[in-house]
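To keep things clear, I will list the structure first and then write my remarks on it.
Because only heavy atoms are used, hydrogens play no part in the values below, and waters and symmetry mates are left out as well, while side chains stay in.
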Amino acid sequence: MRRNFLEWLGSFRSSIANYGYYVDFDKIYSNIDKVKIELNILNSLIGSKNIETDFENLIKKYPETLKCIPLLLAVRADEIYAIDEEGEFTYNFKKANLTVEQYKIFMRKTGLFDLIADHIVNNLFDYATGVETGLDSNGRKNRGGHLMEDLVESFIRKSGFIKDINYFKEMYIHQITDKWGINLSAISNQGKTEKRFDFVIKTDNMIYGIETNFYSSGGSKLNETARSYKTLALEIDTIDGLEFVWFTDGKGWTSARHNLEETFDVMEHVYNIKDLENDIINKKLR
């Protein structure tokens with residue numbers, strides 16, 4: 001029985017975020033611990049009445065404190081580029097490459113001297129922890145992808161495949177070829193590209209290459225994904241012994257539903273979370 005695309009799309013979820021999705025505090029604490037000593041040394045400058053002189057003396061005595069300055073600007077790099085009417089400068093904060101006077105100009109023009117001397121913050125360690133928390137929010141997209149992988153894997157485990165050691169995580173097509181002797185040149189551009197599946201399930205009758213993703217918001221990436229998976233599905237249709245399975249979900253697909261529907265129309269095995277909950281793995285991947 002042919003499935004109704006709009007009904008299927010209508011069951012997509014807004015989010016699959018768990019409690020650890022929002023902030024990875026373990027990572028934050030680990031990153032901040034690497035510069036804890038240097039930040040506490042810089043704390044001696046808070047409220048300074050002669051910040052430039054005190055900074056110069058501190059840098060001369062503790063040059064290693066330079067390494068935590070990029071973090072105060074929410075920058076993850078050892079070098080920072082800046083340009084003004086006086087010229088172009090690349091500041092190295094791992095190993096000083098410019099004069100102390102030039103680093104003082106950097107601190108002054110970026111506003112860090114004001115931040116420290118005017119007592120806008122009371123503790124640079126606490127301030128830097130907040131900056132790390134903000135930077136970590138950029139990792140939510142990656143964590144969202146892993147959430148879908150973890151969710152799909154939990155259903156694979158429940159299906160019983162793991163008991164027979166017949167599912168594999170992050171498997172490249174050359175590994176599939178080496179393990180089971182199947183010719184996958186149709187999806188490798190004659191060996192010129194190396195495709196990796198999120199999961200591979202091997203049954204007595206079939207090998208299933210599985211991709212997973214979740215999109216809570218729209219964007220051009222979704223149209224690109226739908227088109228590329230449609231192409232991949234058509235290529236895999238020419239290979240005996242291999243089938244392509246795509247588990248996807250997320251309200252972000254609403255804005256890209258036309259491209260998703262085109263892929264839905266040519267793929268036998270494209271499923272969402274509701275399908276997983278309805279035991280689609282045991283029903284279809286046997």
| query | What is the ring orientation for Phe247 with Tyr271, classed by angle as parallel under 30°, tilted 30 to 60°, or perpendicular over 60°? | reply |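 The rings of Phe247 and Tyr271 sit tilted, inter-plane angle from 30° to 60°.
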| Which of parallel (below 30°), tilted (30 to 60°) and perpendicular (above 60°) describes Phe5 and Trp8? |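 Aromatic pair Phe5/Trp8 classed tilted.
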| side chain to side chain donor-acceptor pair (under 3.5 Å) between Tyr229 and Thr248: does it pass, once the steps are laid out? | CA-CA 11 Å; Tyr229 283 5; Thr248 192; over 6 Å; no
Answer yes when [X] and [Y] have at least one side-chain N-carboxylate O distance shorter than 4.0 Å, and no when they do not.
{"X": "Asp150", "Y": "Arg157", "answer": "no"}
{"X": "Asp265", "Y": "Arg2", "answer": "yes"}
{"X": "Lys34", "Y": "Glu64", "answer": "no"}
{"X": "Glu211", "Y": "Arg196", "answer": "no"}

Is [X] reaching over with its side chain to a backbone N or O of [Y], donor-acceptor style, under 3.5 angstrom?
{"X": "Thr53", "Y": "Asn50", "answer": "no"}
{"X": "Lys104", "Y": "Ile51", "answer": "no"}
{"X": "Asn97", "Y": "Asn92", "answer": "yes"}
{"X": "Thr231", "Y": "Arg227", "answer": "yes"}
{"X": "Thr263", "Y": "Asn259", "answer": "yes"}
{"X": "Asp78", "Y": "Phe93", "answer": "no"}
{"X": "Asp136", "Y": "Asp24", "answer": "yes"}
{"X": "Asp249", "Y": "Arg13", "answer": "yes"}
{"X": "Asp118", "Y": "Ile120", "answer": "no"}
{"X": "Gln175", "Y": "Tyr172", "answer": "yes"}

Does a donor on one side chain sit under 3.5 Å from an acceptor on the other, for [X] and [Y]?
{"X": "Glu79", "Y": "Tyr91", "value": "no"}
{"X": "Tyr29", "Y": "Thr129", "value": "no"}
{"X": "Tyr62", "Y": "Glu38", "value": "no"}
{"X": "Ser11", "Y": "Asn272", "value": "yes"}
{"X": "Thr203", "Y": "Asn205", "value": "no"}

| field | Candidate pair Glu56 and Lys60, rule salt bridge (Lys or Arg N to Asp or Glu O under 4.0 Å), full reasoning | value | CA-CA 6 Å; Glu56 180 174 346; Lys60 287 179 178 178; 2.9 Å; yes
| request: Check Thr238 against Leu234 and note the closest heavy-atom contact, atom names and distance. | output: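 Closest pair (atom of Thr238, atom of Leu234, distance): CG2-O, 3.7 Å.
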| task | Would you name the heavy atoms of Ala128 and Leu39 that are closest together and state the gap between them? | result |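 That closest heavy-atom pairing would be CB-CD1, 3.7 Å.
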| After noting the C-alpha distance and the side-chain angles of Asp275 and Lys283, does the key distance pass the salt bridge (Lys or Arg N to Asp or Glu O under 4.0 Å) rule? | CA-CA 10 Å; Asp275 294 322; Lys283 290 177 180 177; over 6 Å; no
| said: Within the structure provided, determine whether Ile69 and Met107 are in side-chain contact (heavy-atom separation under 4.5 Å). | reply: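 Yes, at least one pair of side-chain atoms sits under 4.5 Å.
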| query | Is any side-chain heavy atom of Leu260 less than 4.5 Å from a side-chain heavy atom of Leu222? | reply |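 No; the side chains remain at least 4.5 Å from each other.
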| Pair Lys158-Glu277, salt bridge (Lys or Arg N to Asp or Glu O under 4.0 Å): steps then yes or no | CA-CA 11 Å; Lys158 290 175 186 175; Glu277 293 173 344; over 6 Å; no
| message | Given the ring of Phe106, does Lys109 sit roughly above its face, with NZ or CZ under 6.0 Å from the centre of the six-membered ring and within 45° of the axis? | response |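 Cation-pi check for Lys109 and Phe106: fails.
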| Residue pair Asn282, Ser159: steps toward the side chain to side chain donor-acceptor pair (under 3.5 Å) verdict | CA-CA 6 Å; Asn282 276 316; Ser159 73; 4.7 Å; no
| said: Can you confirm whether Lys274 is buried at NZ, in the sense that more than 12 heavy atoms of other residues, nucleotides or ligands lie under 6.0 Å from that atom? | reply: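 At most 12 heavy atoms, drawn from other residues, nucleotides or ligands, come within 6.0 Å of this atom.
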Can you confirm whether or not the ring centre of [X] sits under 6.0 Å from the ring centre of [Y]?
{"X": "Phe168", "Y": "Phe199", "answer": "no"}
{"X": "Phe113", "Y": "Phe55", "answer": "yes"}
{"X": "Phe197", "Y": "Tyr208", "answer": "no"}

| Passes side chain to side chain contact (heavy atoms under 4.5 Å, CB included), Thr110 versus Leu73? Steps please. | CA-CA 8 Å; Thr110 57; Leu73 295 173; 4.1 Å; yes
| Trace of the salt bridge (Lys or Arg N to Asp or Glu O under 4.0 Å) decision for Glu235 with Lys230 | CA-CA 9 Å; Glu235 290 173 344; Lys230 177 182 177 181; over 6 Å; no
